[in-house]
Amino acid sequence: MPELPEVETIRRTLLPMVKGRVVTDVSVFYPPITPDGPDVVKDALAGRTITDVRRVGKHLVLVLGDRVLLVHFRMEGRFFIRKTTHESKHDHVAITLDGIDHLVYNDTRKFGRMLVRDNPGYMDVAPLSLLGPEPAFADPKRIWKTLRSKTIAIKTALLDQHVMAGLGNIYVDETLFASRIHPLKSSKTLTRKDVGTIVKEATRVLDEACALGGSSIRTYTDALGVHGRFQNVLNVHTKAGEPCPTCGQTIIKTVVGGRGTYVCERCQKK
DNA sequence: CCCGTGCCCTGGCGGC
DNA sequence: TGCCGCCAGGGCACGG
């Protein structure tokens with residue numbers, strides 16, 4: 001499940017492999033991946049050169065001069081560089097590079113999406129214009145004001161990309177554990193100091209995960225066979241039944257906002 | 001506007 | 001061993 005660190009790892013891996021290369025063809029095998037229609041993606045990419053690979057929240061941004069391709073991997077999307085366009089039944093889009101090989105989008109669950117936007121200007125229109133700041137650039141006071149107006153659980157609020165961008169289920173659990181705040185705590189009851197802690201810990205957790213190449217728990221491995229190592233340093237996520245690293249209390253698994261949630265009921269206060 | 005629910009999709013797993 | 005049913009999960013549409 002690519003969250004910010006996984007997408008950043010994909011970005012770093014992909015950049016030297018695609019920068020400067022010309023897209024000579026685009027094949028779409030599963031059209032819903034391209035909700036505006038396969039032809040929109042084909043017309044935008046074909047004949048253009050990939051000039052950069054960026055990341056905004058969990059979105060990967062392929063820059064091709066005056067167009068960008070926004071890629072959201074959702075649960076299990078990934079890229080491979082392949083000699084064939086469609087060797088797996090989960091290969092849904094093939095972007096041919098220099099007529100030689102293919103940047104293949106593979107997604108078991110078919111949840112991922114690709115959108116075309118203009119460059120410049122793509123940050124000023126949906127979906128990227130709707131994203132909150134990434135934790136590293138967030139103003140805690142502004143986030144506190146946003147959270148204060150919400151009645152929902154803090155975990156649910158932190159998963160909302162309009163509040164802050166980049167956190168997913170894994171890193172929200174880790175952030176709240178590090179902040180010693182219970183995922184069910186109501187957003188509106190958080191103090192400014194609480195929110196300052198959350199923003200700081202979210203930034204640290206994401207930074208550390210990026211440095212380790214992200215996580216690759218469950219079925220997810222990121223682009224091109226690179227395997228993240230962050231799952232080796234998770235404190236609570238997936239740790240049900242194991243002792244809390246801080247106090248020894250058994251970590252429990254519960255459900256918050258429909259998401260599997262791991263928590264130390266002793267360390268994390270409601 | 002805000003919030004909760006259901007949907008998309010398929011591999012994996014529990015139950016029998 | 002094999003089959004069936006159920007479930008996870010990010011983001012969005014929809015309805016109250």
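This one's a predicted model, so the numbers in the text were calculated from it and none came from an experiment. Here is how names work: the chains are called A, B, and so on, in the same order as the sequence lines, proteins then strands, and each is numbered from 1.
- Between A:Glu3 and A:Ile170, the shortest heavy-atom distance links the atoms OE2-N, 3.0 Å.
- Atom CG in A:Asp160 sits roughly 18 Å away from atom P in C:dG9 (whole-Å rounding).
- Among the protein residues, A:Thr151 comes within range of the sugar-phosphate backbone only, with heavy atoms under 4.0 Å from sugar or phosphate atoms but none that close to a base.
- Listed pair A:Gln161 / C:dG10 fails the phosphate criterion, with no side-chain N or O lying under 4.0 Å from OP1 or OP2.
- Between A:Lys110 and B:dT10 there is a side-chain polar atom (N or O) within less than 4.0 angstrom of OP1 or OP2.
- Side-chain N/O atoms of A:Arg113 and base N/O atoms of C:dG11 include no donor-acceptor pair closer than 3.5 Å.
- Phosphate contact (OP1/OP2 of C:dG9, side-chain N/O of A:Arg74, threshold under 4.0 Å): absent.
- We find that CZ of A:Arg259 is positioned 12 Å from C1' of B:dC7, with the value rounded to whole Å.
- For the residue pair A:Thr108 and A:His90, no side-chain donor N or O sits within less than 3.5 Å of a side-chain acceptor on the partner.
- Taking atom CG of A:Leu130 as the reference point, atom C1' of C:dG10 lies 15 Å away to the nearest angstrom.
- Taking 4.0 angstrom as the limit, A:His90 places a side-chain polar atom (N or O) nearer than this to OP1 or OP2 of B:dG11.
- The base-pairing partner of C:dT1, taking Watson-Crick or G-U wobble contacts with both distances under 3.5 Å, does not exist among the strands shown.
- For C:dG11, the OP1/OP2 oxygens have a side-chain nitrogen or oxygen of A:His72 closer than 4.0 Å.
- At whole-Å resolution of the value, CG in A:Asp107 and P in B:dC8 are 16 Å apart.
- Distances from the side chain of A:Lys58 to the nucleotides B:dT10, B:dG4, C:dG11 place C:dG11 closest.
- In this model, no donor atom of one side chain and acceptor atom of the other lie less than 3.5 Å apart for A:Glu6 and A:Thr9.
- Rounding to whole angstrom units, NE2 of residue A:His92 and P of B:dC9 are separated by 10 Å.
- In this structure, A:Phe111 forms no aromatic stack with the base of C:dG11, since the conditions of centre separation below 5.5 Å and plane angle below 30° are not both met.
- Looking only at atom types and distance, the side chain of A:Tyr105 has a donor-acceptor partner in the side chain of A:Asp107 under 3.5 Å away.
- Summarising the geometry, the separation between CG on A:Leu115 and P on C:dC12 is reported as 9 Å, rounded to the nearest angstrom.
- With C:dG10, C:dA8, B:dC3 as the candidates, the nucleotide lying closest to the side chain of A:Met75 is C:dG10.
- Inter-residue side-chain proximity for A:Leu70 and A:Pro127 is flagged as met; some heavy-atom pair is nearer than 4.5 Å.
- Atom CD1 in A:Ile170 sits about 16 Å away from atom P in C:dA8, given to the nearest Å.
- In this structure, A:Lys89 reaches the B:dG11 phosphate: one of its side-chain N or O atoms is under 4.0 Å from OP1 or OP2.
- If you measure from atom CD of A:Glu3 to atom P of C:dG11, you get 9 Å, rounded to the nearest angstrom.
- The phosphate of B:dC3 (OP1 or OP2) has a side-chain N or O of A:Lys150 nearer than 4.0 angstrom.
- Figure legend: cation-pi geometry between A:Arg142 and A:Trp144 absent, as NZ or CZ is not positioned both under 6.0 Å from the six-membered ring centre and within 45° of its axis.
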